[in-house]
Amino acid sequence: MKPLTIHPADKLTGRLVLPGDKSISHRAVMIGAVSNGKTVAKDILDCDDCNYTIGAFREMGIEIKKEGAYTTIEGKGLRGLKKPKGVLSVGNSGTSMRLIPGILAGQDFSATLQGYESLSARPMKRITEPLSAMGIDIKSASGYPPLTIKGGKVRAINYRMPIPSAQVKSTILFAGLYAGGVTVVEEAFKSRDHTERMLGHFGAKINVNGLKVSVEGGKELEGRQLEVPGDISSASFFIAGAVLLKGSSLRIEKVGINPTRAGILKILAGMGARVKIANKKDLFEPVGDIEVESGKIRGISIDETVIPGIIDELPMIFVLASLSKGRTVIKGAEELKVKETDRIKSMKENLEAMGAKIRIEKSGIIIDGVAELKGADLKSYGDHRTCMAMTIAALAAKGPSRIDDVESVTKSFPGFFEVMEGLK
Ligand code: S3P
């Protein structure tokens, strides 16, 4: 496909509801599949990654129907999955690759999860180590996909996670559902807690005590109804666009504002952006309407404790920092190197091509704001978030840009460009 030309935009205005949260959508399908009875989920995200999770559970005998905004999952109980006929393909979805093994741990068959080449470069030792410690037979290709899991007996463990990761925490909690006894996971800094919340909603015996989460094994889950909030990570692109483009005013309704996930809102407040939350509701996941207006922003110091809460928004924060007044310092963001691409490299190279000032030092990433960015030839590196963040940078630049591989956005947000056009 030819690169897409992006012309600078005047402003972003309007009122919109964004597609459902990717992390919550994956979990609704996974947890619904191993609950007893029907789960009806409204607004599950229709994107490549979530559709791979749906495909994998269909391969394991779970009936999943989509009708309009509603997805019905006919759960078969904790150990009710069927051995798939072939390898389970999860495309480019790291969340499927890392979370499904926790569920396979408790089934009475062996199955292999495989992804595209790009996913095969993503580290899996972070899950094979704790799952092996739980007595699970899990094999990888020297720490990388494919993964083969032979379900069986699961041992409860106490595990302190060496890296903050919601995916690692979640797969251990899923395996813990099958263990005899209580499994405890402890993290150094809080990562998104969607799994804990949803397991609680479906009747698991789960307990959260600060940075420790415990789950009691052996308790069956019950199918539920739920509504998936709009994805804050998708929202962050348009929020940033509205902050940067003079005269913008946006209202994004029903967005998930779970505090373990919506760190971007605190960062924006710290940068002096004009962002407000209205209409807050606390369902099993808190939601609200985000109102944003353009305005000047300043640099900010971001330390490692808040990184898990903004991990997917950091590409967008690189762009905001580049167009803010003063210096931004980001510490402890090394996990960005093992996302769909090395996002420190992809963002630095792209933004530097536009005239940004970014240095990578031992102490962290240092971004000195510039008065303006200029249009340039930009690369997605096959990464949806690099692509969307750079598209917003291009809207705010002087002169047109061209960006390659725009199909990468279908991983999490197939309608990204159409929504963007509608706001111009
Ligand atoms: C996710 C957790 C994060 C995030 C990813 C989705 C999840 O990854 O980057 O997009 O749904 O649990 P890590 O757990 O590796 O930090």
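Counting starts at 1 for both ligands and their atoms, in listed order.
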Task: Numbered atoms and elements of ligand 1 in range of Ile311, under 4.0 angstrom, heavy atoms - done: 9 (O)
Open item on the list: Please list the nearest protein heavy atom to atom 10 (O) of ligand 1 with its residue and the distance rounded to 0.1 Å.
Closed with: Asp312 OD2, 2.9 Å
Open item on the list: Just verifying a value: how many Å separate Ser132 OG and Lys125 NZ, rounded to the nearest 0.5 Å?
Closed with: 11.0 Å
- [ ] Among all protein heavy atoms, pick out the one at the shortest distance from atom 12 (O) of ligand 1; state its residue, atom name and that distance to 0.1 Å.
- [x] Arg27 NH2, 2.6 Å
Task: Which of the ligand 1 atoms, numbered from 1, are nearer than 4.0 Å to a heavy atom of Ala166 - done: 12 (O), 14 (O)
Open item on the list: Does ligand 1 come near enough to Ser165 that some N or O of the ligand is less than 3.5 Å from an N or O of the residue?
Closed with: yes
Open item on the list: Tell me whether Lys357 at atom NZ has more than 12 heavy atoms from other residues, nucleotides or ligands lying less than 6.0 Å away.
Closed with: no
Open item on the list: List ligand 1 atoms under 4.0 Å from Thr95, heavy atoms only on the residue side.
Closed with: 6 (C), 11 (O)
Open item on the list: Among Arg192, His384, Lys22, exactly one meets side chain to side chain donor-acceptor pair (under 3.5 Å) together with Asp312. Which residue is that?
Closed with: Arg192
TODO: Report, in ascending order of atom number, the atoms of ligand 1 lying under 4.0 Å from any heavy atom of Lys339.
DONE: 3 (C), 4 (C), 8 (O), 9 (O), 13 (P), 15 (O), 16 (O)
Indicate every side-chain donor-acceptor pair of residues 146-155 with a distance under 3.5 Å to a residue at least two apart or in another chain.
from, atom 1, to, atom 2, distance (Å)
Thr148, OG1, Thr112, OG1, 2.8
Arg155, NH2, Ala133, O, 3.1

- [ ] Examine Phe202 together with Phe284 and report whether their ring centres are nearer than 6.0 Å.
- [x] no
Task: Candidates Val255, Ile252, Ile392, Ile264 - the one meeting side-chain contact (heavy atoms from CB on, under 4.5 Å) with Ile239 - done: Ile252
TODO: Between His26 and ligand 1, find which residue part has any heavy-atom pair under 4.0 Å and reply side chain, backbone, both or neither.
DONE: neither
Task: Val243 side chain reached by Ile297 side chain, heavy atoms, under 4.5 Å - done: yes
Open item on the list: I'd like to check whether Ser23 has a polar contact with ligand 1, where a contact means an N/O of the residue lying under 3.5 Å from an N/O of the ligand.
Closed with: yes
